[in-house]
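Here's the structure, in structure tokens; my notes come after.
This chain uses plain numbering: 1 for the first residue, then up along the sequence.
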Amino acid sequence: MAGYPKYIGTDLEIISNIEKLDPITFDGSQSYTLEKNSVAYTPTSANNLQVSIDGVVQAGNFTVSGSTI
């Protein structure tokens, strides 16, 4: 299919340990609480997160402390 990005690797639908967190509404704050189903979520580390802002994947420009990003 021309024009569609291609992904090589395991189909994301069969990876069982992916957690989709609640969206963060940016309001100019310096930090935000990560939540899943409105409950604070603490990832193992920032390296275990994939963060995108308006579809742009972020890398190395955020930190995580507990459930705060």
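Considering all non-hydrogen atoms of both residues, Ser38 and Asp22 come closest at N-OD2, 2.7 Å. Nearest approach of Tyr41 to Ser67, heavy atoms of both residues: O-CB, 3.0 Å. Nearest heavy-atom pair across Pro43 and Gly66 is CD-O, 3.6 Å.
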Verify side chain to side chain contact (heavy atoms under 4.5 Å, CB included) between Ile24 and Ile69, making sure each step is shown before the conclusion.
CA-CA 10 Å; Ile24 297 172; Ile69 187 168; 4.0 Å; yes

For Thr68 and Tyr32: C-alpha separation, side-chain torsions, deciding distance, then whether side chain to side chain contact (heavy atoms under 4.5 Å, CB included) applies.
CA-CA 6 Å; Thr68 302; Tyr32 299 89; over 6 Å; no

Decide side chain to side chain contact (heavy atoms under 4.5 Å, CB included) for Leu21 and Glu35; before the verdict, give the C-alpha distance in whole Å, the side-chain angles of both, and the deciding distance to 0.1 Å.
CA-CA 6 Å; Leu21 303 181; Glu35 295 181 333; over 6 Å; no

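Summarising the geometry, atom NZ belonging to Lys36 is positioned 12.5 Å from atom OG1 belonging to Thr42; distances are rounded to the nearest 0.5 Å.
Residues Leu34 and Phe26 share a single hydrophobic cluster, defined by chaining ILVMFWY side chains whose heavy atoms lie under 4.5 Å apart.
Residue Asp27 places its CG atom among more than 12 non-hydrogen atoms of other residues, nucleotides or ligands, all under 6.0 Å distant.
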